[in-house]
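Presented below is the structure to which this report refers.
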Amino acid sequence: MPELPEVETTLRGLEPHCLNRSIIQIDINQPKLRWPIPPQIQLLKNARITAMQRRAKYLIMSTDKGHMIWHLGMSGSMRLLPNQDPGVKHEHVKITFENKTSLRYRDPRRFGALLLTHDDPLLHPLISPLGPEPLSEDFHADYLWQQCKNRKTAIKNVIMHSHIVVGVGNIYACESLFMSGINPKTSALRISRKRIQALVEAIKMVLQQAIEQGGTTLKDFTQSDGKPGYFTQSLKVYANAQNCVQCGHAIKRITQGQRTTYYCPSCQH
DNA sequence: AAAGACACCTGTCCGC
DNA sequence: TGCGGACAGGTGTCTT
């Protein structure tokens, strides 16, 4: 489900309500996520939330007793509800605060994760090898150009690889390639420096706009207040259009790396 | 070192 | 109404 804008939207929605809250109870209804939730998570009882941040698609909640590292996988979402609210199916984790609200983690497919670390969370083995944040200055045309120039694989696979750049999932990969007029199948090393520049700008623009509109709701993503993301209506190619909004040509649907790609064969070369 | 396949899991939708 | 199959927003790990 969630790509970078959806995780960022979740963070921004939760942070004002979670910061400085004290945890009085942790209920694990289903520990079997991508990795089992460590039982030591209970050590965070009576801890206070001191900071929240996003790195790639990981959401990091720091406390005075350790750091929670969350991932939403394909179908995860987080909400705050009144403590007595029964919630819905697949709410695997409930973290109750002293003010009678509780954080609910819901993830029907259970590809997500909740991990615990006492070290610097950015040095965690899942996080330290990650590439630059796409919206940071570290992600620029020279960098992506260097990453592309020796790679024969299709450009879409390159921008979706988290060790190259994080946060670009299937939707926004398709959208940014459309915006920059690049065919997703094009071998990375065959793309000019100038077009790589256009791609970098498109990735930044698409992600930034999606964040501003609260992410994309295809099926069941909701912001932490329960509202859908409004970027859905801005999608140009992904699962939306039969025909290209620019030229009217039929949108083509192919498979790359076991993921569905949508593109316009007329506008994207 | 790079690239591709596979695994994990549930829900939904479509055709018969 | 039921059943089978395809498909879904991710990514670590294993195999070529």
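All values derive from a computational prediction rather than experimental measurement. Chain naming here is simple, since letters A, B, ... match the order of the sequence lines and numbering starts at 1 in each.
- When the P atom is used for both dC6(B) and dA6(C), the distance is 15 Å, rounded to whole Å.
- Taking the side chain of Ser162(A) as heavy atoms from C-beta on, and the options dG12(C), dG10(C), dC7(C), the nearest nucleotide is dG12(C).
- Projected onto DNA chain B by closest heavy-atom contact, Lys219(A) and Asn157(A) fall at different nucleotides, the more 5' of which corresponds to Asn157(A).
- Of the candidates dC7(C), dG11(B), dG10(C), dG10(C) carries the atom nearest the Glu3(A) side chain, counting heavy atoms from C-beta on.
- Taking the six-membered ring where tryptophan is involved, the planes of His161(A) and His163(A) are tilted, since the angle between them lies from 30° to 60°.
- Residue contacts for Arg106(A): at a heavy-atom cut-off of 4.0 Å it reaches no nucleic acid atom on any strand shown.
- Per the stacking criterion (ring centres < 5.5 Å, plane angle < 30°), Phe111(A) does not stack onto the base of dC9(B).
- Rounded to an integer number of Å, the gap from Trp70(A) CH2 to dT11(C) P is 17 Å.
- Note: Trp70(A) and Tyr105(A) have tilted aromatic rings, judged against thresholds of 30 and 60 degrees for the angle between ring planes.
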Atom pairs, N/O to N/O, protein against nucleotides 13-16 of chain C, distance under 3.5 Å?
none

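- Residue Arg110(A) places its side chain closer to dC9(B) than to any other of dC9(B), dA8(C), dG11(B).
- Each of dA8(C), dA2(B), dG10(C) was ranked by its minimum atom distance to the side chain of Arg151(A); first place goes to dA2(B).
- In this model, no donor atom of one side chain and acceptor atom of the other lie less than 3.5 Å apart for Thr50(A) and Arg48(A).
- A donor-acceptor contact under 3.5 Å is formed by the side chain of Arg109(A) with the base of dA8(C).
- Ser234(A) and Gln213(A) share a side-chain donor-acceptor pair at under 3.5 Å.
- Salt bridge annotation for Arg54(A)-Glu133(A): present, with a cationic side-chain nitrogen under 4.0 angstrom from a carboxylate oxygen.
- Contact of the Ile182(A) side chain with the Gln268(A) side chain is not registered, since no non-hydrogen atoms from C-beta on lie closer than 4.5 Å.
- In this structure, the nucleotide among dT10(B), dA8(C), dG10(C) sitting nearest to the side chain of His90(A) is dT10(B).
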